[in-house]
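Contents: one structure, followed by commentary.
Every chain is numbered from 1, with letters handed out A, B, ... down the list of sequences.
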Number of protein chains: 2
Amino acid sequence: MGEAAAIRGEATRRRLLEAAVPLIGEAGWHAVTTRMVAQRAGVAPGVVHYHFASVTDLLIAASVGFTRGMLDRFARELAERPGLDAGLGRLLAEVSRHDGADPASLLVAETYLAASRIPRLRDELAELVADFRRGLAGWLAENGAADPEAAATVLGAAVDGLILHRGLDPRLDLAALARPLRSMLRKE
Amino acid sequence: MGEAAAIRGEATRRRLLEAAVPLIGEAGWHAVTTRMVAQRAGVAPGVVHYHFASVTDLLIAASVGFTRGMLDRFARELAERPGLDAGLGRLLAEVSRHDGADPASLLVAETYLAASRIPRLRDELAELVADFRRGLAGWLAENGAADPEAAATVLGAAVDGLILHRGLDPRLDLAALARPLRSMLRKE
DNA sequence: GAGCGTCTTGGACAGTTGCCCAAGACGTTA
DNA sequence: TAACGTCTTGGGCAACTGTCCAAGACGCTC
């Protein structure tokens, strides 16, 4: 019953999602158009509405999928780090990987904003972020940090904020931030 | 030579700017249209292009003006606070005033993103944020905080990040954050 | 009153958008 | 071979966009 076609269709769907991810960052959520995505994916314009009910649906699937992958990967790497200092270093390295103008940074920020206007997206994203914060708090607690819950909240927020600020001033000295952050985590 | 008309025109210009501010937050930077702004300002659609060269020009003027006012006001209030604890309290109070879904939060986030794509806006915004960070670092230094420069960077980023995160989870416990933040600022 | 400068009006224009759909392509099944 | 399921094509449509502009309104000067 056309099994090969189904497989090919699934590949097309995936290509649309992969094409949408950088476009969200480059052009902005509202500026991504069906024709834009289709062209970058190398397919006819009509394909988008065959695989997705609407452009918004495509953007939600693309942004949530990408964000989930990023957070999962990062949480996994953190779990492998034994000490607070090594973990903080990993955290800052992650921030320095994004200059606030790269597609990943922009996609995350665009997704936050879109979430404020699309309830379904907000719910999915909130769950993702809450999971990540829980994981971070658990890691902090295991490594003997003070106030792991609150510290995880500040850390998570600081990472997102730093990525935003780095877009305005790429010369921000991230290495210097390890000391105050470390200071926040130590017990009295 | 039509002085009354000039005054009235200036008032119209201001009304356009005031109408644009909440619209940027509500609809998103790219989704703000000339007709939308004109309608909310209570003027004919054509007026926008009489007072501004383009929609983008209007949005830049509106967002930069609003952001400058907000940062100035906050910096002034902070300067009046004598101690670290009182200042931190004021900082968290400012965050709690924004739930991440209010027009002000959204406008700031939208402006950050638009700045990544509009060089002129990025330059203006970068200057605003750098000024604010300098002021914050100065206040921290005066109040005997450790590592004032780096701490100001983390604090500024954390504020923006927290506002973003509060949009996803309004129940975030901000009061609990005072302790780790205070801990970050204390000298060894 | 006439003339002038400034601002305002409402519609025109070409371009772009999301979404839809008839027609066709292609492997699979009978 | 013929029929079928799935995916793909390319163009059509109404709605909306930024921008422009001729015409008019209003207060002011002479």
* Is there any ring pair (Phe, Tyr, Trp, His ring centres under 6.0 Å) pair reaching into residues 108-132 of chain A, and which pairs are they, with sequence neighbours excluded? -> A:Phe74-A:Phe132, A:Tyr112-B:His165
Value rounded to 0.5 Å, distance of [atom1] in [X] from [atom2] in [Y]:
{"X": "B:Leu128", "Y": "A:Leu168", "atom1": "CG", "atom2": "CG", "answer": "9.5 Å"}
{"X": "A:Arg120", "Y": "A:Leu125", "atom1": "CZ", "atom2": "CG", "answer": "13.0 Å"}
{"X": "B:Asp57", "Y": "B:His49", "atom1": "CG", "atom2": "NE2", "answer": "9.0 Å"}

Between [X] ([atom1]) and [N] ([atom2]), how many Å, whole number?
{"X": "B:Glu10", "N": "C:dT6", "atom1": "CD", "atom2": "P", "answer": "14 Å"}
{"X": "A:Gln39", "N": "C:dT16", "atom1": "CD", "atom2": "C1'", "answer": "14 Å"}
{"X": "A:His51", "N": "D:dT6", "atom1": "NE2", "atom2": "P", "answer": "13 Å"}
{"X": "A:Leu16", "N": "D:dC7", "atom1": "CG", "atom2": "P", "answer": "13 Å"}

* **Sugar-phosphate or base contact per nucleotide [nucleotides 9-21 of chain D; S, B, -; heavy atom under 4.0 Å]** => BB-B----BBBB-
* Asked: side chain to side chain contact (heavy atoms under 4.5 Å, CB included) between B:Val108 and B:Ile163: does it pass, once the steps are laid out?
  -> CA-CA 10 Å; B:Val108 172; B:Ile163 290 176; over 6 Å; no
* To do: Flag the pair B:Leu107 / B:Thr111 as yes when at least one side-chain heavy-atom distance between them is below 4.5 Å, and no otherwise.
  => yes
